[in-house]
Amino acid sequence: MTQRLPALNQLLGGSTNQPQGRVWLVGAGPGDAELLTLKALRRLEDADVVVYDRLVSEEVLARIPAGTLALDVGKTPGFHGMKQQQIGELLIDLARSGRNVVRLKGGDPFIFGRGGEEMQQLQAANIVCEIVPGITAAVGCAAACGIPLTHREMAQSVRFITGHGKAGKPQIAWESLQDASQTLVFYMGLTWSAELSQQLCCHGRAADTPVAVIERGTRPDQRVLISTLAQLPATIAHHQPQSPALIIVGDVVTLYRAAEAQHNEKEALTAHG
Ligand code: SAH
């Protein structure tokens, strides 16, 4: 057991003398609290402790009952910059002290969320760990701006790709992304967007392939920037989108324009009675 637990025990009101607790790795979705699953909500309501990430929206955090201890392992003073290993140890400590723990992660725990590593760490410590899936950013953001990720005659498959490699620069087999009928969704792609644009153009994607950058998707202040592969670096430099943002590349992005145009048309019709 680590040295953090005495302090935590104080926060929690002492040791429970309960049998070992369990951990639920719960997906919080992309931001809109309505996109939580019923199971996620129920687990949040039943938890003794919730350990959450910086990606989890305020709106979702507001669903945690007032009396439940919620620990922000992204930025709470004292927990600042916790390493993955330490987060796993914290979950283990809490479960061993008899608490039922919800580990709340943005989107889906198993899509670029390092949920797999936490699950392995818990399993190695013989802690029961259950997974509650969440709506991943690609699916939530695409829905929120009317871009179908697959579409007959336009996109027969979709790839979820991390735009951030282990050492920063993305490690991607670019030649595997040249098929124009494949929609590409880049997570964590902002920093290396110029590299993405250049590599995709060099590896057979047309320079005028439409691209959408969705900032804070599904949240009240969501912003969508429409560009092309060649123009992407300039669009990003000009509008300065901030994390969290997702980059969708492929012909399906043209349907956003269609959806928007239809919306504007409807508004115009309504305005003109
Ligand atoms: N497990 C998460 C992804 C974690 S990686 C999931 O399944 O969604 C973090 C990246 O996810 C961010 O850098 C961003 O690219 C993307 N992301 C998460 N939430 C987002 C949101 N609301 N809007 C846009 N992108 C989002």
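Only this structure's heavy atoms are used, side chains among them; waters, hydrogens and symmetry mates stay out. We count ligands from 1, going down the list as the structure has it; atoms in each ligand are counted the same way. Numbers for residues simply follow the sequence, beginning at 1.
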Can you check whether [X] has an N/O within less than 3.5 Å of an N/O in ligand 1?
| X | value |
| --- | --- |
| G106 | yes |
| M188 | yes |
| L55 | no |

Check if C141 has a non-hydrogen atom at a distance under 4.0 Å from any atom of ligand 1.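 The answer is yes, since C141 has a heavy atom less than 4.0 Å from ligand 1.
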I131 and side chain to side chain contact (heavy atoms under 4.5 Å, CB included): which single residue from D108, V26, L25 fits?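 Going through D108, V26, L25 one by one, the side chain to side chain contact (heavy atoms under 4.5 Å, CB included) with I131 is satisfied by L25 alone.
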Could you check T183, V253, L255 and say which one makes a side chain to side chain contact (heavy atoms under 4.5 Å, CB included) with M154? L255
Considering non-hydrogen atoms of the protein only, which is the closest contact for [atom], and what is the distance?
| atom | answer |
| --- | --- |
| atom 3 (C) of ligand 1 | I111 O, 3.4 Å |
| atom 22 (N) of ligand 1 | P30 O, 2.8 Å |
| atom 5 (S) of ligand 1 | F112 O, 3.5 Å |
| atom 14 (C) of ligand 1 | A245 O, 3.3 Å |
| atom 11 (O) of ligand 1 | Y187 CD2, 3.4 Å |

If you take the nearest heavy atom of each of A137, A28, A138, which one is closest to atom 17 (N) of ligand 1? A137
Check whether any side-chain heavy atom of [X] sits under 4.5 Å from a side-chain heavy atom of [Y], and report yes or no.
| X | Y | answer |
| --- | --- | --- |
| Y52 | V60 | no |
| P30 | L35 | yes |
| V101 | I127 | no |
| Q182 | R205 | yes |

Taking everything shown except H238 itself, do over 12 heavy atoms lie less than 6.0 Å from its NE2? no
Using 0.5 Å steps for rounding, measure from the CZ atom of R216 to the CG atom of D32.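 One gets 12.5 Å once the value is rounded to the nearest 0.5 Å.
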Supply the members, apart from I172, of the Ile/Leu/Val/Met/Phe/Trp/Tyr cluster built from side-chain contacts under 4.5 Å; use none for a lone residue.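 Members besides I172, by chain and number: I161, W174, L177, L184, F186, L190, L196, L200, V211, V213, L225, L229, L232, I236, I247, V249.
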Proximal atoms of ligand 1 relative to [X] (non-hydrogen, under 4.0 Å):
| X | answer |
| --- | --- |
| I214 | 24 (C) |
| R219 | 22 (N) |
| D108 | 1 (N), 6 (C), 7 (O) |
| T136 | 6 (C), 7 (O), 8 (O) |
| R216 | 22 (N), 23 (N) |

Could you walk me through whether L122 and I92 satisfy the side-chain contact (heavy atoms from CB on, under 4.5 Å) test, starting with their C-alpha distance in whole Å, then the side-chain angles of each, then the deciding distance to 0.1 Å, before giving a yes or no? CA-CA 7 Å; L122 290 161; I92 293 166; 3.9 Å; yes
